[in-house]
Amino acid sequence: RAGPGGKEWLTSVRAACRSSCRRLPFGRLVNGVAMSEPTAKPKPWMIAAWPGMGNVALIAAGYLVQQLEMQQGDDLPQRDHFDVAEVAAKDGIVAPVRLPRGIFFRWTNPGLGRDLVVFISEAQPSSGSIAYTTELLAVAAEMGVERVVTFASLAVGRHPGDLRVL
C-alpha cells in the first residue's frame, strides 16, 4: 500500500526520521548563510502518550515504538498518583495490587539526527496529576529532552476551529 501503514509510506517515514536535523558539511549554505563549523547533534524530543477515547494515543505511540524498534527503559515511579480501582481475591486472600505503569522507550538515531523518547502511560493519574507531570518533565530534563509533545484524545462540545494547541 502507498498510504499510511504501507511499506513505501513506512520507508519514507523512517528515512525522514533518520535524515532530520543532520549535521551540514562545512561550506554549505543554509538560508544564505555559510556554515563554518559543524552543529551538535540536536537534543532528543519526547512523545508522552496517555490513554483516552479509543486509545488513539496509545495506538499511535505503540506504533512508533514497534516500527522504530525502540528500546524499553525504566518506569516512571507510580508513587501516590493512582487509586486502586479493584482487587482480585482467591480463596479469601487478596492478590497483590497492580498499579498502572508509565514506561519510557528510547530510539537512538543512527545518523546525526534527533533521538526520540516515547513515554507510554497505561492510565491517566487519578490523583496528583500535576505532581505526576512534574516528575515526568524532571525525568525528561535528566534525559536531555528539549521538547515534549503529548498524544491524547478528548471529547469536547466545541468546534475544532475554536480550540488552540499550545
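Quick caveat, the model's predicted, so the values are computed rather than measured.
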Check whether any side-chain heavy atom of [X] lies under 4.5 Å from a side-chain heavy atom of [Y], and answer yes or no.
X      : Y      : answer
Leu99  : Glu122 : no
Phe151 : Ile47  : yes
Arg106 : Gln72  : no
Met70  : Val118 : yes
Phe105 : Val117 : no
Phe119 : Leu76  : yes

Contact summary for [X] and [Y], nearest pair of heavy atoms:
X      : Y      : answer
Pro51  : Ala123 : CG-CA, 3.5 Å
Gly54  : Ile59  : O-CD1, 3.8 Å
Ala48  : Leu136 : CB-CD2, 4.1 Å
Pro44  : Gly144 : CD-O, 3.4 Å
Leu58  : Ala49  : CD2-O, 4.0 Å
Val148 : Ala140 : CG2-CB, 4.3 Å

For atom [atom1] of [X], decide whether the heavy atoms of other residues, nucleotides or ligands shown that lie under 6.0 angstrom number more than 12.
X     : atom1 : value
Gln78 : CD    : yes
Asp74 : CG    : no
Asp80 : CG    : no

> Is a side-chain N or O of His81 found less than 3.5 angstrom from the main chain of Gly128, in a donor-acceptor match?
Replying inline: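 Answer holds: yes.
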
> Can any side-chain N or O of Thr133 pair as donor or acceptor with the backbone N or O of Ser129 at less than 3.5 Å?
Replying inline: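 Indeed, once roles are kept as given, a pair shorter than 3.5 Å links the two residues.
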
> Do the charged groups of Asp115 and Lys43 touch, with an N to O distance under 4.0 Å?
Replying inline: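 No, no charged N to carboxylate O under 4.0 Å.
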
> Under the side-chain hydrogen bond (donor to acceptor under 3.5 Å, both in side chains) criterion, do Glu146 and Trp45 qualify, and how do the steps go?
Replying inline: CA-CA 6 Å; Glu146 177 182 60; Trp45 284 4; 3.2 Å; yes

> Once the angle between the rings of Tyr132 and Phe82 is folded into 0 to 90°, is it parallel (under 30°), tilted (30 to 60°) or perpendicular (over 60°)?
Replying inline: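 Plane angle over 60°, so perpendicular.
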
